[in-house]
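Only one structure is covered here, and it is reproduced in the block below.
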Amino acid sequence: MDSKDLRILTLLQQNGRMPISELATKLNMSDTPCLRRVKKMEESGVISGYSANISADSIGFNAIVYVFVRLTENSNANADMFESAVKKLIEIQECSVISGSHDYLLKIISRDLLSYESFIKQSIGNLRCVSSIESTVVLKQTFARYELPIDNTEKKSSFF
């Protein structure tokens, strides 16, 4: 990946619906090589898809909850069972394997806390491989970032 590819990714993160002709113009390229680069990144999985960022609260999803899950046993069988079950649940926005006293961190979105409680009891709470569930409710989300800091990939962090 070179600097042109990184610039393509930056521009597509800002506007995934940008026509190839506009993208090529912004990069000082012709359309065909620009399209070839985009297609190559799509085929290799660097670009995994395109979507619209929708305001959750504007369509009635007012509760964000981070959930810490501990499995009954730290085994491949339990991990596979858990991961395959939660992958099917659209309310679960993110699932991460974590270190420490818990095994997983989930980000769950729900219409309200009553809906969340019902969801947990009917889904994750029914999994035999789950030992404990701890929830942390988000009171207010100040911002959410969907873009990766591509422009900073070649720069060193100023924090260290």
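Only heavy atoms go into these numbers, but all of them, side chains included; no hydrogens, no water, no symmetry mates.
In this structure, CG in L12 is found 7.0 Å from CD1 in I20, a value given to the nearest 0.5 Å. Distance check: M81 CE to S75 OG gives 8.0 Å after rounding to the nearest 0.5 Å. One distance of note links OG of S131 with CD of E73; it measures 11.0 Å at 0.5 Å rounding. The CZ atom of R7 sits 13.5 Å away from the CG atom of D2 when rounded to the nearest 0.5 Å. Rounding to the nearest 0.5 Å places NZ of K39 at 11.5 Å from SG of C34. In this structure, CG on N78 lies 10.5 Å from CD on E83, to the nearest 0.5 angstrom.
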Inset, instruction - Determine, stepwise, if the pair L27 / L11 fulfils side chain to side chain contact (heavy atoms under 4.5 Å, CB included). - result: CA-CA 9 Å; L27 294 164; L11 291 168; 4.1 Å; yes
Inset, instruction - Please step through side chain to side chain contact (heavy atoms under 4.5 Å, CB included) for the pair I124 and I108, ending with a clear verdict. - result: CA-CA 11 Å; I124 299 170; I108 299 176; 4.1 Å; yes
Inset, instruction - Output, in order, the C-alpha distance, side-chain angles, deciding distance and verdict of side chain to side chain contact (heavy atoms under 4.5 Å, CB included) for I47 and L9. - result: CA-CA 8 Å; I47 297 174; L9 293 174; 3.6 Å; yes
Legend entry - Check against side chain to side chain contact (heavy atoms under 4.5 Å, CB included), L113 and E117: CA-CA 6 Å; L113 292 179; E117 178 191 19; over 6 Å; no
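Without hydrogens or angle criteria, K107 side chain to I92 main chain gives no donor-acceptor distance under 3.5 Å. In this structure, D103 contributes its side chain and R70 its backbone to no donor-acceptor pair below 3.5 Å. Within the 3.5 Å criterion, the main-chain N or O of D112 finds no donor-acceptor partner in the side chain of N62. Side chain of S58 to main chain of S55: a donor-acceptor pair is present (N/O by atom type, distance under 3.5 Å, no hydrogens or angles). Q13 contributes a side-chain N or O that, together with a main-chain N or O of L148, makes up a donor-acceptor pair within less than 3.5 Å. A donor-acceptor pair under 3.5 Å is absent between the side-chain atoms of S115 and the main chain of R111, judged by distance alone.
The number of heavy atoms from other shown groups lying within 6.0 Å of CG (N15) is above 12. Within a 6.0 Å sphere centred on CD1 of I59, heavy atoms belonging to other residues, nucleotides or ligands number more than 12. Taking a 6.0 Å sphere around NZ of K26, one finds it holds 12 or fewer heavy atoms contributed by other residues, nucleotides or ligands. By the 6.0 Å contact criterion, CG on N28 is open, its count of non-hydrogen atoms from other residues, nucleotides or ligands being 12 or less.
Closest heavy-atom contact between M41 and S44: O-OG, 3.3 Å. Between I150 and L6 the shortest heavy-atom distance is CG2-O, 3.5 Å.
No continuous path of ILVMFWY side-chain contacts below 4.5 Å connects I98 to L71, so the two sit in separate hydrophobic clusters. Hydrophobic clustering places M1 together with M29 (ILVMFWY residues linked when any side-chain heavy atoms are closer than 4.5 Å, directly or through intermediates). Residues L105 and V97 are members of separate hydrophobic clusters, defined by side-chain heavy-atom contacts under 4.5 angstrom among Ile, Leu, Val, Met, Phe, Trp and Tyr. In terms of hydrophobic clustering, with Ile, Leu, Val, Met, Phe, Trp and Tyr side chains grouped at heavy-atom distances under 4.5 Å, I54 and F61 are assigned to a common cluster. No continuous path of ILVMFWY side-chain contacts below 4.5 Å connects I133 to I64, so the two sit in separate hydrophobic clusters.
The salt bridge (Lys or Arg N to Asp or Glu O under 4.0 Å) test applied to D5 returns R37, not counting sequence neighbours. Scored by the salt bridge (Lys or Arg N to Asp or Glu O under 4.0 Å) test, E22 finds no partners at all (sequence neighbours excluded).
A donor-acceptor contact closer than 3.5 angstrom links the side chains of S118 and Q122. Checked by atom type, the side-chain pair Y116/E91 shows no donor-acceptor distance below 3.5 Å. In the model, E94 has no side-chain atom that pairs as donor or acceptor with a side-chain atom of Y66 under 3.5 Å.
Within the 4.5 Å cutoff, no side-chain heavy atoms of I8 are placed close to those of T10.
Not less than 6.0 angstrom separates the ring centroid of Y104 from the ring centroid of F68.
With salt bridges taken as basic N to acidic carboxylate O contacts below 4.0 Å, none links E43 and K40.
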